[in-house]
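We number each residue from 1, following the sequence as shown.
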Amino acid sequence: MLTNKFPEAHFEIVAMSTTGDKILDTALSKIGEKSLFTKELENALERNEVDLVVHSLKDLPTSLPPGFTIGAVCKRESPYDAVVFHPKNAEKSLESLPTNSTIGTSSLRRAAQLKKHFPHLQFKDIRGNLNTRLKKLDEHDDFSAIILAAAGLRRMGWENRIDQVLSPEQCLYAVGQGALAVEVRAKDQDILNMVSALLDPQTVLRCIAERAFMKRLEGGCSVPVAVSTSIEDSQLYLTGAVYSLDGSDCLKETMQRTVVFPHEDVEGPNDDCQHVGITALGVPRRALEAADYLGTELADLLLSRGAKEILTVARQLNDAR
């Protein structure tokens, strides 16, 4: 994408492994480290070995280490969750699987929502990269199906493996799911200006609202927090929810705010303004503030109804597993 926009520049890709890639025998929610998939990349950025790093936005904590910022969030791929069935269940759906069928997912968010909708199924942790998880599904009889992000399968060119896409009514998605984030050194204005050419304004506003919601709830991998966002006309809609681990307790609400303003100053090069870790050059400041405020406001509403208690119990139960 950068080469298309800046054909005169030379871009070298440096591949790296992270802690999250290496610890494959433990559920992410149990490792308890916030920057599992990001720390090694940020170290290289800090040492000036690389100039920008690309993450799945949902792997990035809502507060970044000092000196870093997300300079672009690219146009979002599908944010939904997908079901991939064992070959013997090829024609089935989650609804039609036999009672006590085992579904593989390490996500507390997915498991909590699906337990509520499909009480006849069982859920078991599965870790590893996409290849590993698909192999575990196909070559053993441990799982009837596994749940994966549709975006990851699409990016790998394995869309044909998607047997069922879960609607937001069945399973709200993770904060930032399906979006790529480009992290840069906050003071590196040239690189910041360059990567800002990749940002998608609608995706940025949606993800700021989602991240602000998560930040106020102090959520992360170890608690079931889920969202859904859309922009229609000039309104940004955010649905947010928190769940108990078994899905029996749930608080869910939707709010909206205007994010389109006439004749507006956009973020200029001298604006050192981050919203939940994101610097969005070229996006109107009032829109960014409205998105940030919407996420915080919705989280406050759920907190006033007992979200903190639900999440505290979920965290304690998960730690005890």
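The minimum heavy-atom distance between I126 and G104, with the atom names listed, is CG2-C, 3.4 Å. The nearest pair of heavy atoms linking L192 to T69 is CD1-CG2, 4.0 Å. Between L153 and L130, the closest heavy-atom pair is N-CD1, 4.0 Å. Across every non-hydrogen atom of L302 and G240, the tightest pair is CD1-O, 3.8 Å. Between P65 and E42, the shortest heavy-atom distance links the atoms CG-OE1, 3.4 Å. The two residues Y80 and Q177 make their nearest non-hydrogen contact at O-NE2, 3.4 Å.
A salt bridge is absent between D249 and K116; no separation between the charged side-chain nitrogens and carboxylate oxygens falls under 4.0 Å. Between D81 and R109 there is a salt bridge, since a side-chain N of the basic residue sits under 4.0 Å from a carboxylate O of the acidic one. For the pair D300 and R216, the salt-bridge criterion is met [side-chain N within less than 4.0 Å of a carboxylate O]. Comment: K92 does not engage D163 in a salt bridge, judged by the lack of any side-chain N to carboxylate O separation of less than 4.0 angstrom.
From N4, atom CG reaches atom CG of L2 across 9.0 Å, with rounding to the nearest 0.5 Å. The CZ atom of R110 sits 6.5 Å away from the CG atom of L148 when rounded to the nearest 0.5 Å. Distance check: H117 NE2 to Q170 CD gives 7.0 Å after rounding to the nearest 0.5 Å. A distance of 11.0 Å separates CD1 of I231 from CG of L238, quoted to the nearest 0.5 Å. With values rounded to the nearest 0.5 angstrom, K136 atom NZ is found 11.5 Å from E139 atom CD. Atoms CG and CD, from D51 and E183 in turn, are 13.0 Å apart once rounded to the nearest 0.5 Å.
Side-chain contact between S101 and F143 is absent, with no heavy atoms from C-beta onward closer than 4.5 Å. With a 4.5 Å cut-off on side-chain heavy atoms, H55 and L180 do not count as touching. Between K115 and L121, every side-chain heavy-atom pair lies at or beyond the 4.5 Å cut-off. Using a 4.5 Å heavy-atom threshold, the side chains of K124 and I103 count as separate. Put simply, the side chain of E49 does not reach to within 4.5 Å of the side chain of V14, judged on heavy atoms. Within the 4.5 Å cutoff, no side-chain heavy atoms of Y243 are placed close to those of I310. Between I70 and L57 the shortest side-chain heavy-atom distance falls below 4.5 Å. Looking only at side-chain heavy atoms (C-beta outward), L166 and L114 come within less than 4.5 Å of each other.
A donor-acceptor contact closer than 3.5 angstrom is absent between the side chains of H86 and D138. Defined by atom type and a distance below 3.5 Å, a donor-acceptor pair is missing between the side-chain atoms of S196 and N193. Between the side chains of T239 and T254, at least one donor N or O lies within less than 3.5 Å of an accepting N or O.
Although no hydrogens or angles enter the test, the distance criterion places no donor-acceptor pair under 3.5 Å between the side chain of R154 and the main chain of E159. In this structure, R76 contributes its side chain and C207 its backbone to no donor-acceptor pair below 3.5 Å. Panel note: side chain H120, backbone L97; a donor-acceptor pair is recorded below 3.5 Å. Judged by distance alone, with hydrogens and angles left aside, the side-chain atoms of R185 form a donor-acceptor pair with the main-chain N or O of L45 at under 3.5 Å. Looking at R155, its side chain does come within 3.5 Å of a backbone N or O of G178 through a donor-acceptor pair. Distance alone, capped at 3.5 Å, places no donor-acceptor pair between the S56 side chain and the K58 backbone. With hydrogens and angles disregarded, no donor-acceptor distance shorter than 3.5 Å links the side chain of E297 to the backbone of L294. A donor-acceptor pair under 3.5 Å is formed between the side chain of E210 and the backbone N or O of G176. Side-chain atoms of Q274 come within 3.5 Å of backbone N or O of F68 as a donor-acceptor pair. At least one donor-acceptor pair closer than 3.5 Å links the side chain of Q164 to the backbone N or O of L94.
Both M1 and M194 are members of a single hydrophobic cluster when ILVMFWY side chains are connected at heavy-atom separations under 4.5 Å. The hydrophobic clustering, which links ILVMFWY residues whose side-chain heavy atoms are closer than 4.5 Å, places F213 and Y237 apart. Cluster annotation: V283 and I208 are assigned to the same hydrophobic cluster (Ile/Leu/Val/Met/Phe/Trp/Tyr, side-chain heavy-atom contacts under 4.5 Å, transitive). Hydrophobic clustering (side-chain heavy atoms under 4.5 Å, transitive across Ile, Leu, Val, Met, Phe, Trp, Tyr) keeps V83 apart from V165. Under the 4.5 Å side-chain heavy-atom criterion for ILVMFWY residues, a single connected hydrophobic cluster contains both M214 and L217.
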* **From CA spacing to verdict: side chain to side chain contact (heavy atoms under 4.5 Å, CB included), R47, N43** => CA-CA 6 Å; R47 292 191 300 260; N43 290 346; 3.6 Å; yes
* To do: Begin with the C-alpha distance, continue with both residues' side-chain angles, and end with the deciding distance and a verdict on side chain to side chain contact (heavy atoms under 4.5 Å, CB included) for R305 and E253.
  => CA-CA 11 Å; R305 296 190 180 166; E253 284 294 340; 2.3 Å; yes
* K5 and L198: side chain to side chain contact (heavy atoms under 4.5 Å, CB included), yes or no, with the steps? -> CA-CA 9 Å; K5 289 186 183 291; L198 302 181; 4.1 Å; yes
* Apply the test side chain to side chain contact (heavy atoms under 4.5 Å, CB included) to residues R127 and R133: give CA-CA distance (whole Å), side-chain angles for both, the deciding distance (0.1 Å), then the verdict. => CA-CA 7 Å; R127 283 290 323 281; R133 281 188 258 181; 6.0 Å; no
* Asked: salt bridge (Lys or Arg N to Asp or Glu O under 4.0 Å) between R211 and D292: does it pass, once the steps are laid out?
  -> CA-CA 8 Å; R211 284 169 66 80; D292 201 329; over 6 Å; no
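No more than 12 heavy-atom neighbours from other residues, nucleotides or ligands sit within 6.0 angstrom of OH on Y293. Within 6.0 Å of the CD atom in E12, the count of heavy atoms belonging to other residues, nucleotides or ligands does not exceed 12. Within 6.0 Å of the CD atom in E91, the count of heavy atoms belonging to other residues, nucleotides or ligands does not exceed 12.
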